[in-house]
Amino acid sequence: MATTLMAIAAHPGDAVFTMGAAVAQHIHQGGKGIFVSLTAGEKGAPKDIPVERYGEMQRAASQKSAALLGAEFEILGYPDAEVPFNERVAQALGDVIRQHRPDIVVTHWSGSWHKDHQNCHLLVRDAVFYADLATMNRKYSPYTVRKLFFADNWEDAENFKPDTYLDISTVFEKWMQACDAYPMWRGQTGFFRYNDYYSSLAVMRGCLSGFHYAVALMSAPSQRINGVSEL
Ligand SMILES: [Zn+2]
């Protein structure tokens with residue numbers, strides 16, 4: 001049976017730029033890929049575009065990008081820059097996990113200076129717990145996520161220590177096209193050169209791991225213990 005990889009991000013750009021290559025690679029291998037963004041990233045609007053209009057553009061870019069990769073894209077619609085961290089949202093996100101039943105979840109690392117990213121990290125931690133909790137009676141039946149990874153993101157770099165390097169050579173070009181659906185990718189809405197940063201990062205991570213292009217992931221600390229009977 002095909003396995004499912006779910007990328008959960010605070011903003012659509014984070015989902016596709018930092019987790020999209022892993023989603024694309026998973027689909028390439030015959031699995032399913034689902035992007036979930038807590039917000040539409042609407043407050044990243046440049047001065048000349050109203051926030052609401054920019055939100056629509058972000059939604060359209062997300063659908064285009066997902067279609068290109070053969071993935072699904074769900075935007076939960078929490079307000080950008082104001083992602084709430086509370087039980088209600090964690091439970092709602094747990095429901096999304098129970099509904100889609102992903103084998104692997106990729107999300108933000110906690111070492112971020114962006115509060116939405118920090119809250120997303122904490123919400124996913126709790127959502128994975130709630131999804132699994134058999135005594136938590138919700139609409140969908142309990143579900144255990146097999147593996148949790150954190151993505152390599154320029155805004156979440158504090159103490160990010162990758163341990164898993166994924167070969168994305170075959171999907172690199174397609175992933176670049178998916179990123180290009182967003183105006184911010186080419187610096188049209190801000191100062192940061194996303195395209196240069198993430199394409200170069202894939203080269204650098206590839207150099208370290210012996211692949212042409214790679215993305216680096218960090219396993220959840222609780223999943224770093226491997227029991228072996230010999231080395
Ligand atoms: Zn973000």
Side-chain angles (χ1 to χ4, degrees), residues 5-24 33-47 49 51-66 69 71 73-85 89-90 92-93 96 105-127 148-160 162 175-176 178-202 215-218:
L5 187 149
M6 178 181 278
I8 308 176
H11 310 109
D14 298 303
V16 177
F17 306 167
T18 78
M19 307 167 196
V23 170
I34 304 170
F35 292 103
V36 175
S37 181
L38 299 178
T39 78
E42 68 277 6
K43 292 202 185 75
K47 282 191 184 72
I49 303 177
V51 164
E52 204 164 290
R53 168 80 191 113
Y54 189 66
E56 287 165 18
M57 288 166 65
Q58 288 276 94
R59 287 174 186 277
S62 300
Q63 289 314 318
K64 187 180 170 187
S65 160
L69 298 177
F73 209 121
E74 206 170 306
I75 293 178
L76 301 184
Y78 294 106
D80 187 15
E82 300 169 61
V83 168
F85 173 56
V89 179
L93 197 54
V96 172
V105 169
V106 183
T107 191
H108 290 278
W109 170 234
S110 61
S112 182
W113 47 258
H114 198 306
K115 64 189 276 287
D116 282 353
H117 294 198
Q118 290 174 3
N119 283 352
C120 181
H121 174 90
L122 294 171
L123 286 166
V124 171
R125 178 199 66 184
D126 292 353
L148 177 63
F149 287 110
F150 307 116
D152 198 357
N153 186 320
W154 76 284
E155 291 167 305
D156 310 340
E158 191 72 34
N159 292 322
F160 180 77
W175 168 54
M176 287 286 109
C179 294
D180 204 33
Y182 295 89
M184 72 188 292
W185 178 245
R186 290 186 183 278
Q188 290 165 18
T189 62
F191 71 94
F192 193 77
R193 290 152 56 198
Y194 286 92
N195 56 338
D196 285 341
Y197 182 81
Y198 285 107
S199 57
S200 311
L201 188 64
V215 285
L217 299 161
M218 178 175 172

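Order of listing sets the numbers, starting from 1, for every ligand and every atom in it. Computed from a predicted model, the values in this text were never measured in an experiment.
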Atom pairs and distances, side-chain donor-acceptor, residues 178-188, under 3.5 Å, sequence neighbours left out:
from: Asp180; atom 1: OD1; to: Arg186; atom 2: NE; distance (Å): 2.7
from: Asp180; atom 1: OD1; to: Arg186; atom 2: NH2; distance (Å): 3.4
from: Tyr182; atom 1: OH; to: Ser62; atom 2: OG; distance (Å): 2.8

Please tabulate, for side-chain N and O atoms in residues 10-21, each donor-acceptor pair with protein atoms closer than 3.5 Å (sequence neighbours left out).
from: His11; atom 1: ND1; to: Asp14; atom 2: OD2; distance (Å): 2.9
from: His11; atom 1: ND1; to: His117; atom 2: NE2; distance (Å): 3.3
from: His11; atom 1: NE2; to: Asp80; atom 2: OD1; distance (Å): 2.9
from: His11; atom 1: NE2; to: Asp116; atom 2: OD2; distance (Å): 3.0
from: Asp14; atom 1: OD1; to: Asn153; atom 2: ND2; distance (Å): 3.1
from: Asp14; atom 1: OD2; to: His117; atom 2: NE2; distance (Å): 3.0
from: Thr18; atom 1: OG1; to: Asp14; atom 2: O; distance (Å): 2.6

**Report entry** Contacts of type side chain to side chain donor-acceptor pair (under 3.5 Å), residue Ser65, not counting sequence neighbours
**Finding:** none
Requested in this report: Taking only Lys NZ, Arg NE, NH1 and NH2, and the carboxylate oxygens of Asp or Glu, determine whether Arg53 and Glu56 approach each other closer than 4.0 Å.
Outcome: yes
Query - Contacts of the Zn ion (ligand 1) with protein N/O/S atoms, counting only those under 2.8 Å - result: His11 ND1, Asp14 OD2, His117 NE2
Query raised in the report: Between Glu82 and Lys43, is there a side-chain N and carboxylate O pair less than 4.0 Å apart?
Result: yes
Query raised in the report: Do the ring planes of Phe35 and Phe73 sit parallel (below 30°), tilted (30 to 60°) or perpendicular (above 60°)?
Result: parallel
